[in-house]
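One-based numbering, in listed order, for ligands and for the atoms of each. All values below were derived from every heavy atom in this structure, side-chain atoms included, with hydrogens, water molecules and symmetry-related copies excluded.
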Amino acid sequence: MTFPTATISVTALQYNFKRVKQTASNSKVMSVIKADAYGHGMATVAEALKHSDAFAVARLSEAVSLRQHGVTHPIVILEGINSADDFQLAAELRLSPVIHLSSQVDLLSSITLDQSLSFNWIMVDSGMHRLGIRPDDVETAISRLKASGNMLDEFGLMSHFANSDLVGDSRNQHQLEHMLNLKHKTGLPVCLSNSAAVLAYPESHLDWVRPGLMLYGISPFGGKAGTDHDLQPAMQLTTQLISTYDLNIGEQVGYGGDWTATQQSRIGVASIGYGDGYSRHLSNCSEVVIQGQRCPVIGRISMDTICINLTDCSQAMVGDEVLLWGRSELMVEEVAEYASTIPYELVTVLSKRVNRDVIDG
Ligand SMILES: *Cc1c(COP(=O)(O)O)cnc(C)c1O
């Protein structure tokens, strides 16, 4: 057996996709599969979610890799691109780089691509102030892009919420109003909602939705789990218990001796560490599940191993499965809180050393 293993359930991915379709039933779905599909495996997820109307990734390299895997859907590059060569490649591969900067419009007005770009999206800065063209400048940008001769007349407007995980926050309403105004003025389709907005903000669904996290069965809201929204976790992260031993009172565990036995204790070692992407911020504060029972992670996370307090789990044996997250006994959202981060980060940073095992495909 290879471990650690991230077991990826195709059934769960497809179930979550169906939940997106039910929730935003009048919208097309652009499935976000950037960052190796949030650590779940980009090619696997693209295949599982082939009924998506389009895919979105962050970078050109990710889009090229999807084409190499035979994906023929429209593919949107959310970060856009900035050189003539990259625009040539994008056009050749029928990729759709988001236009978010006037210098991209300038560049496209000054070159002649061998093929036209299609399925073109303008990123509008409706209030997040990260990437995007100001609402007042959008119509000029589109007419210049049309005049460039490098683009088919297939445009859409995109924007991104800065606070969609804060339900009822008035800043979301302001961003939505900017986009509704532009939709009214231009008649173009709008794509605005990430997972949190799909789940909590139906007025924002509009023509296209753009969920990532919820496809993986994870909740974007603090204090909630995917199962609270009837989503199924698509990743189970497990490894193996590779040692158990006893400690006397006063003996310490691991680097720095950050945990000291205050009673006669039984300790286990599991094969996973920060070298696999299991965050070092989980030192002395996480939990795992062995034989259905919660056990505390103690001491510092090492590169390859973690130590576990088995004192109250005396039946645990070398060779046992250790669940790090992904079942109802222990969800990734809870582990993210232990690490003072968001579940996005935990699943995305899993390293190549973690075996990916795709099931129910
Ligand atoms: C990552 C990303 C998404 C997906 O967001 P989730 O919160 O994972 O649903 C949507 N749009 C943009 C621009 C993104 O960068």
Answer with yes or no after comparing the ring centroid distance for F161 and Y201 against a 6.0 Å cut-off, counting only values under it.
-> yes

Where does H160 meet ligand 1, judged by heavy-atom distances below 4.0 Å: at the side chain, the backbone, both, or neither?
-> side chain

Close side-chain approach of R353 to D304, heavy-atom, < 4.5 Å | yes

Specify the closest pair of heavy atoms between P220 and Y344, including all atoms of both residues, with the distance to one decimal.
-> CB-OH, 3.9 Å

Polar contact flag for G212 and ligand 1 (N/O pairs, less than 3.5 Å) = yes

In terms of residue, atom name and distance, what is the protein heavy atom nearest to atom 7 (O) of ligand 1?
-> Y344 OH, 2.6 Å

Looking only at protein heavy atoms, what sits closest to atom 11 (N) of ligand 1 is R210 NE, 2.9 Å

Check: A316 main-chain N/O paired with R266 side-chain donor or acceptor under 3.5 Å = yes

A225 backbone acceptor or donor facing E333 side chain under 3.5 Å | no

Within 4.0 Å of some non-hydrogen atom of N194, the atoms of ligand 1 are 5 (O), 6 (P), 7 (O), 9 (O)

Indicate, with yes or no, if the rings of W325 and Y216 have centres closer together than 6.0 Å.
-> no

Of the choices R130, K34, M123, which has the non-hydrogen atom that lies closest to atom 15 (O) of ligand 1?
-> K34

Heavy-atom contact under 4.0 Å between P211 and ligand 1?
-> yes

Just need the protein heavy atom nearest to atom 4 (C) of ligand 1, so name the residue and atom and give the distance.
-> Y38 OH, 3.3 Å

Nearest heavy-atom pair of S109 and R144: which atoms, and what distance?
-> OG-NH2, 3.7 Å

Honestly, for L213 the part within reach of ligand 1 (heavy atoms, under 4.0 Å) is both

With atom 9 (O) of ligand 1 as the reference point, say which of S195, A197, A58 has the nearest heavy atom.
-> S195

Do any nitrogen or oxygen atoms of M214 lie less than 3.5 angstrom from nitrogen or oxygen atoms of ligand 1?
-> no

Is the gap between the ring centers of Y338 and H281 under 6.0 Å?
-> no

